[in-house]
Visitor: 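Sharing a structure with you now.
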Number of protein chains: 2
Amino acid sequence: MKINKELVGASTALLILGVIAKSPSYGYQIVKRINTEAQDLFEWQEGTVYPVLHKLEKDGLIRSQWQTADTGRRRKYYYITSRGQEALADYSVQWTEFNNLVVRITEVQYA
Amino acid sequence: MKINKELVGASTALLILGVIAKSPSYGYQIVKRINTEAQDLFEWQEGTVYPVLHKLEKDGLIRSQWQTADTGRRRKYYYITSRGQEALADYSVQWTEFNNLVVRITEVQYA
DNA sequence: TGACATACTTAGAAGTTCCATGTATATTAT
DNA sequence: ATAATATACATGGAACTTCTAAGTATGTCA
């Protein structure tokens, strides 16, 4: 299995897929959700996320649908596709293996 | 703690620092070492690693020294600096936290 | 009505990594 | 002997991502 070349950079995509897989969401919500979970670890900007959403949609891993909230505000909801679910499962495995490698290489050796 | 903006992209640096921290190495050796450990997960190209080594040295996280092997071949050995050790410890923590986030977000929910 | 939060979008800059290629030398195979 | 391969370092330019910044629009609340 040759890992996806962009795997690591694709952690953004991985997180987005993870969020949408649990529940369809729209961009702004995803940004808030991840930033809350990330605490002080990092902070996504909207300008980072929207292009990734567009790319994921172009690649057929998610699809979108405009909806109007009760408030009257328009939101573009994203849904994961079956290809997206496959990709998510795939990326998760790759991520885990990659993490194992990082841990193995960087961990301190104890006699 | 604001995570290093390049953390994820910095996984390359993290792995390199991890290798050198255990034992001073030269570029070609690092590439072979990581590629062996990475199995089929990915494969670093030399052209990917040398620029990172140069950047790490410029940032003072590693230092280099030319040595001539018994074979007569010249190698540029890299040593981790104290600042490099601090960075390695720091990045490791950040990586762990980041991984925890990824796992939390992407893991399947069981009732 | 003014300030703020919500919500999406894109342009341009900056930064990384990849691919390809180049140079040089030692080792191994023919 | 010499050809092929492995070792070893290096860099230019392409390709790709992400970031910053800005823009547009609308709903909510003081």
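Below, chain A is the first sequence line, B the second, and so on; all start at residue 1.
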Visitor: Angle class for the Trp95(A)/Trp95(B) ring planes (parallel below 30°, perpendicular above 60°, tilted otherwise)?
Guide: parallel

Visitor: Please state how far atom CG in Asn35(A) lies from atom P in dT18(D), giving the value in whole angstrom units.
Guide: 15 Å

Visitor: Is the phosphate of dT17(D), meaning OP1 or OP2, less than 4.0 Å from a side-chain N or O of Lys55(A)?
Guide: yes

Visitor: Taking only side-chain nitrogens and oxygens of Lys32(B), does any of them come within less than 4.0 Å of OP1 or OP2 of dA6(D)?
Guide: no

Visitor: Any side-chain N or O of Tyr26(B) under 4.0 Å from OP1/OP2 of dA8(D)?
Guide: yes

Visitor: Where is the tightest heavy-atom contact between Arg74(A) and Thr68(A), given as atom of each residue plus distance?
Guide: CG-OG1, 4.2 Å

Visitor: Taking Thr81(A) for its side chain and Gly60(A) for its backbone only, find out whether a donor-acceptor pair lies under 3.5 Å.
Guide: yes

Visitor: Give the rounded distance in Å between these two atoms: CZ of Arg74(B) and P of dA6(D).
Guide: 24 Å

Visitor: Contact class for Gln45(A) (heavy atom, under 4.0 Å): base, sugar-phosphate, or nothing?
Guide: base

Visitor: Between Leu53(A) (CG) and dC8(C) (P), how many Å, whole number?
Guide: 9 Å

Visitor: Report yes or no: does Lys22(B) contribute a side-chain atom to a donor-acceptor pair with the main-chain N or O of Ile105(A) at less than 3.5 Å?
Guide: yes

Visitor: Send over the distance from Gln67(A) CD to dA7(C) P, rounded to a whole Å.
Guide: 12 Å

Visitor: Just call it for Gly27(A): base, sugar-phosphate, or nothing, with non-hydrogen atoms closer than 4.0 Å on any strand.
Guide: sugar-phosphate

Visitor: Students often get this wrong, so: under 4.0 angstrom with heavy atoms, is Trp44(B) touching a base, only sugar-phosphate, or nothing?
Guide: nothing

Visitor: Measure from the side-chain heavy atoms of Trp66(A) and tell me the nearest of dA24(C), dC8(C), dG27(D).
Guide: dC8(C)

Visitor: Using atom CG of Asp59(A) as one end and atom P of dT17(D) as the other, report the distance to the nearest whole Å.
Guide: 9 Å

Visitor: Looking at Ile20(B) and Tyr78(B), what are the two nearest heavy atoms and their distance?
Guide: CG2-O, 3.3 Å

Visitor: Atom NZ of Lys76(B) and atom C1' of dA10(D): how far apart are they, to the nearest Å?
Guide: 9 Å

Visitor: Verify, without hydrogens or angle tests, whether Tyr50(A) (side chain) and Tyr28(A) (backbone) share a donor-acceptor contact under 3.5 angstrom.
Guide: yes

Visitor: Please state whether the phosphate of dT11(D), meaning OP1 or OP2, lies under 4.0 angstrom from any side-chain nitrogen or oxygen of His54(B).
Guide: yes

Visitor: Respond yes when some side-chain nitrogen or oxygen of Tyr28(A) is under 4.0 Å from OP1 or OP2 of dT6(C), and no when none is.
Guide: yes

Visitor: If each of Thr48(B) and Thr71(B) is mapped to the nucleotide of DNA chain D with the nearest heavy atom, which maps nearer the 5' terminus, i.e. the 5' end?
Guide: Thr71(B)

Visitor: Whether Tyr50(B) contacts dC9(D) is assessed here as follows: a side-chain N or O lying under 4.0 Å from the phosphate OP1 or OP2. Is that the case?
Guide: yes

Visitor: Would you mind telling me which residue lines up with the more 5' stretch of DNA chain D, Arg75(B) or Val52(A), judged by nearest nucleotide?
Guide: Arg75(B)

Visitor: Measure from the side chain of Thr12(A), starting at C-beta and using heavy atoms only, and say which of dT7(D), dT18(D), dA10(D) lies closest.
Guide: dT18(D)

Visitor: Would you kindly give the CD-to-P distance between Gln29(A) and dA5(C), to the nearest whole Å?
Guide: 18 Å

Visitor: Which whole-number value in Å describes the distance from Glu43(A) CD to dT18(D) P?
Guide: 16 Å

Visitor: What's Glu46(B) touching, base or sugar-phosphate or nothing? Going by heavy atoms closer than 4.0 Å.
Guide: base

